[in-house]
Amino acid sequence: MSYRVPRGTFDILPEEVKIWHWVEKQAQEICRRYQYQEIRTPMFEHTELFVRGVGDTTDIVEKEMYTFNDRGNRSLTLRPEGTAGVVRAFVEHKMYAGPLPTKLYYFGPMFRYERPQAGRYRQFHQFGIETFGSQDPAIDAEVIALGMQFLESLGLKGVKVEINTVATPEIRARYFDKLIEYFTPFKEELAKDAQNRLYRNPMRILDSKDPRTKEIAAGAPSILDFLDEECAGYFEKVKEYLDLLEIPYVVNDRLVRGLDYYTHTAFEFVADLSGAQASTVGGGGRYNGLVQEIGGPEMPGVGFGLGIDRIILALKEQKVDIPVQDQLDCYVVTIGDKAKLYSVKLLKTLREAGFVCERDYLDRKVKGQMKAADREKARFVAILGEEELEQGNINMKCLETGEQEQISLDAIVDYLSNKIQP
RNA sequence: GCGACCAUGGCGAAGUGGUUAACGCACCGGAUUGUGGCUCCGGCAUUCGUGGGUUCGAUUCCCACUGGUCGCCCCA
């Protein structure tokens with residue numbers, strides 16, 4: 001075998017696609033109910049958009065982007081996340097001039113250059129929503145509620161919301177100072193990457209997995225102690241709404257998101273999964289400065305991104321039954337050349353009438369055709385031989401009961417309608 | 001970028017330094033000529049990831065490479 005998919009990518013084969021269709025359908029339906037409208041943006045954007053939007057100290061920008069120059073020598077990047085592109089479109093098309101809040105959702109592939117492992121790929125898929133224009137904590141809660149309802153609609157069990165506030169840039173700056181102050185005496189004991197982060201983004205040290213760093217971080221000050229009245233009040237309100245919505249959440253003051261644009265609310269959806277990495281199935285938060293950063297007006301926003309690949313992984317691990325409809329109404333079996341010829345027309349008639357039907361294209365004998373019909377789970381087999389054809393009749397056999405009756409060829413649509421429509 | 005493990009037919013999976021590389025599933029064909037699901041029979045690897053080496057001889061031993069899986073970092 002000479003060609004393979006590029007590392008970190010995978011084909012979604014027909015059987016799998018059924019699951020994806022179903023998941024997408026749930027997303028669409030939930031969004032419809034919450035009045036979020038789909039937006040489709042390009043899979044690549046100017047590199048600068050992500051550098052500005054996502055943040056140049058983030059891992060995404062520092063080491064994970066698929067960046068290339070096109071023939072016009074423009075630097076482009078395969079989108080590593082969905083928000084930046086949506087915000088760009090929102091600004092570019094001056095959607096802020098329309099009715100607010102603007103509520104959008106997207107579904108599609110994202111790209112990050114990383115070593116693949118369980119639940120992590122170089123091309124992965126996200127379903128995300130973004131809403132612009134509202135500072136009401138109720139909409140933060142709605143965003144979280146939509147995500148939860150989506151996950152529940154899939155039948156995913158044991159999903160928890162972890163929530164935190166990352167306050168405002170000003171408060172965070174003060175908090176950073178305190179963190180640096182706290183961590184500096186331990187500097188030599190911290191994990192190497194934690195040391196590197198100390199002055200650039202000390203909050204990232206908080207969720208380190210290095211044992212010693214963890215111990216040290218356990219004693220670090222909490223951002224919750226630095227909140228001003230407004231931030232604390234906002235956070236309280238969001239939690240109140242979540243209580244009202246009966247959404248199970250835990251406050252995790254160590255929760256740090258990997259993107260720079262968040263303000264106030266930050267949250268993650270965590271599934272009950274064995275693979276440690278992949279248990280975070282999505283995350284999001286509020287990003288009040290982002291629209292302006294991208295060149296738009298001052299405009300608050302909230303959203304989330306959910307990892308569909310991980311969700312499907314979780315569905316499989318939990319052995320969730322996926323409702324798949326792939327029934328075959330009628331398989332047309334023919335005997336002889338004339339019948340075979342006629343079957344082409346018959347298939348067309350049946351399909352126009354709305355039935356799902358199939359026939360043999362491999363010159364199989366009757367037995368082979370019957371086997372195929374059975375394998376493809378046909379409900380009925382229409383058996384057409386030379387004699388029947390001459391008399392204008394056809395045999396209809398129900399595979400489930402084994403019963404067979406001869407009817408007039410002209411009556412086949414009515415016959416199937418009666419038997420199948422339920 | 002670092003580490004661990006793995007690499008046999010479409011899939012799953014045994015196996016041995018030496019004439020024909022088990023088995024299961026799937027697929028194809030057959031079991032009196034125009035009828036499925038069960039059963040039975042038959043077919044289905046002439047590079048056992050690639051390239052080197054050790055050896056009289058390697059799929060089985062060694063090395064490199066590639067790929068996969070999982071973990072670290074980080075994230076969805």
Side-chain angles (χ1 to χ4, degrees), chain A residues 1-10 13 15 54 57-64 79-83 108-128 147 191-194 196-197 201 204 207-211 213 255-259 268-271 273-284 304-314 331-336 339 360 362-389 395-404:
Chain A
M1 192 184 300
S2 45
Y3 290 109
R4 310 187 133 203
V5 290
R7 165 167 264 197
T9 68
F10 55 91
L13 271 21
E15 266 316 296
V54 176
T57 66
T58 59
D59 278 13
I60 291 179
V61 170
E62 280 187 342
K63 55 180 201 186
E64 295 171 2
R79 63 182 183 195
E81 55 96 54
T83 302
M110 307 293 162
F111 307 83
R112 291 184 201 172
Y113 189 87
E114 295 186 273
R115 282 291 289 274
Q117 67 187 64
R120 192 165 87 192
Y121 310 97
R122 289 183 174 182
Q123 175 175 332
F124 60 103
H125 304 260
Q126 285 194 343
F127 157 49
K192 204 162 163 245
D193 51 286
N196 292 335
R197 290 206 187 97
N201 197 343
R204 304 290 294 284
D207 60 357
S208 171
K209 277 165 196 125
D210 176 76
T213 305
L255 177 67
V256 177
R257 308 247 58 240
L259 296 80
E268 285 187 359
F269 296 103
V270 183
L273 255 184
S274 56
Q277 302 283 329
S279 61
T280 298
V281 106
F304 68 61
L306 284 164
I308 299 302
D309 313 85
R310 287 186 179 178
I311 289 169
I312 288 177
L313 212 61
Y331 193 101
V332 178
V333 168
T334 62
I335 303 152
D360 167 66
L362 292 176
D363 259 325
R364 277 190 265 246
K365 296 178 188 170
V366 177
K367 184 172 213 159
Q369 296 183 49
M370 289 300 293
K371 273 190 171 181
D374 186 61
R375 180 176 42 225
E376 292 175 39
K377 297 187 183 68
R379 295 184 63 177
F380 283 88
V381 174
I383 303 157
L384 187 63
E386 303 278 343
E387 291 173 27
E388 293 93 325
L389 186 57
N395 293 310
M396 300 302 292
K397 179 169 187 173
C398 174
L399 282 192
E400 201 182 334
T401 64
E403 285 167 15
Q404 180 171 321

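Note that the structure is predicted; figures quoted are calculated from it, not measured.
Looking at heavy atoms from C-beta onward, A:Ile383 lies in side-chain contact with A:Gln404 at the 4.5 angstrom threshold.
The interatomic distance linking A:Lys371 (NZ) with B:G36 (C1') rounds to 9 Å, in whole Å. Spacing between atom NZ of A:Lys367 and atom P of B:C27 amounts to 15 Å, rounded to whole angstrom units. The distance from atom CG of A:Leu255 to atom C1' of B:A76 is 14 Å, rounded to the nearest whole Å. A:Asp59 has its CG atom 15 Å from the P atom of B:C72, to the nearest Å. Rounded to an integer number of Å, the gap from A:Phe269 CZ to B:C75 C1' is 16 Å. With rounding to whole Å, A:Leu313 atom CG is found 13 Å from B:C70 atom C1'. Protein atom CZ of A:Arg115 is 11 Å distant from nucleotide atom C1' of B:G68, rounded to whole Å. Following rounding to the nearest Å, A:Arg122 (CZ) and B:G1 (C1') show an atom-to-atom distance of 11 Å.
The side chain of A:Gln117 contributes an N or O atom lying less than 4.0 Å from OP1 or OP2 of B:G71. Contact check, A:Arg375 against B:C28: a side-chain N or O comes under 4.0 Å of OP1 or OP2. A sub-4.0 Å separation between OP1 or OP2 of B:G68 and a side-chain N or O of A:Arg7 is present. Contact annotation: A:Lys365 side-chain N/O to B:G30 OP1/OP2 distance is under 4.0 Å. Phosphate proximity of B:G71 to A:Arg120: absent, as no side-chain N or O sits under 4.0 Å from OP1 or OP2.
Picking from B:A76, B:A31, B:G34 the nucleotide with the shortest atom distance to the side chain of A:Ile383 gives B:G34. Listed nucleotides B:G36, B:G34, B:A76 differ in distance to A:Leu399; the shortest reach to its side chain belongs to B:G36. Closest contact between the side chain of A:Ala118 and the listed nucleotides B:C2, B:G71, B:A76 involves B:G71. Side-chain atoms of A:Asp374 lie closest to B:G37 of the nucleotides B:G37, B:G34, B:A76.
Under the Watson-Crick or G-U wobble criterion, with both distances below 3.5 Å, B:G3 is paired with B:C70. Pairing partner, B:C25: B:G10, with both Watson-Crick or wobble hydrogen-bond distances short of 3.5 Å. In this structure, B:A31 forms a base pair with B:U39, meeting either the Watson-Crick or the G-U wobble geometry with both donor-acceptor distances under 3.5 Å.
Of all non-hydrogen atoms in A:Pro116 and A:Arg122, the two that sit nearest each other are CD-NE, 4.2 Å. When all heavy atoms of A:Val366 and A:Thr334 are compared, the pair lying nearest together is CG2-O, 4.5 Å. Nearest heavy atoms, A:Val332 versus A:Gln369: O-OE1, 4.0 Å.
Between B:U54 and B:A22, the distance separating the two C1' atoms is 29 Å to the nearest Å. Spacing of C1' atoms, B:U50 relative to B:A7, comes out at 11 Å, to the nearest Å. A gap of 40 Å separates the C1' atoms of B:G51 and B:G29, to the nearest Å. Comparing the same atom, P, in B:C27 and in B:C73 gives a spacing of 45 Å after rounding to whole Å. Nucleotides B:U46 and B:G36, compared at atom P, are 34 Å apart to the nearest Å. Nucleotides B:A13 and B:G37 have their P atoms positioned 29 Å apart, rounded to a whole Å. Comparing the P positions of B:U20 and B:G53 gives an interatomic distance of 24 Å, to the nearest angstrom. B:A26 sits 7 Å from B:C11 when the C1' atoms are compared, rounded to a whole Å.
How far CE of A:Met110 is from CD1 of A:Ile308: 10.0 Å, rounded to the nearest 0.5 Å. In this structure, the separation between OH on A:Tyr113 and CZ on A:Arg7 is 7.5 Å, given to the nearest 0.5 Å.
In this structure, A:Phe111 has its ring center at least 6.0 angstrom away from the ring center of A:Phe124. The aromatic ring centroids of A:Phe380 and A:Tyr331 lie 6.0 Å or more from each other.
Base engagement by A:Gly402 is indicated by at least one non-hydrogen atom pair under 4.0 Å involving a base atom. At the heavy-atom level, A:Glu114 lies under 4.0 Å from base atoms of the strands shown. Using a 4.0 Å heavy-atom criterion, one finds that A:Asn395 contacts the bases of the nucleic acid, with or without backbone contacts as well.
Put simply, the side chain of A:Arg364 and the base of B:C28 share no donor and acceptor less than 3.5 Å apart. Interface remark: the A:Gln369 side chain does not form any donor-acceptor pair with the B:U35 base, using a distance-only criterion of under 3.5 Å. Judged by atom type and distance alone, A:Glu388 reaches the base of B:G34 through a side-chain donor-acceptor pair under 3.5 Å.
Positionally, the nearest nucleotide of RNA chain B for A:Ala378 lies more toward the 5' end than for the other of A:Glu268 and A:Ala378. Residues A:Pro6 and A:Val366 both approach RNA chain B. Their nearest nucleotides, taken by heavy-atom distance, put A:Val366 toward the 5′ side.
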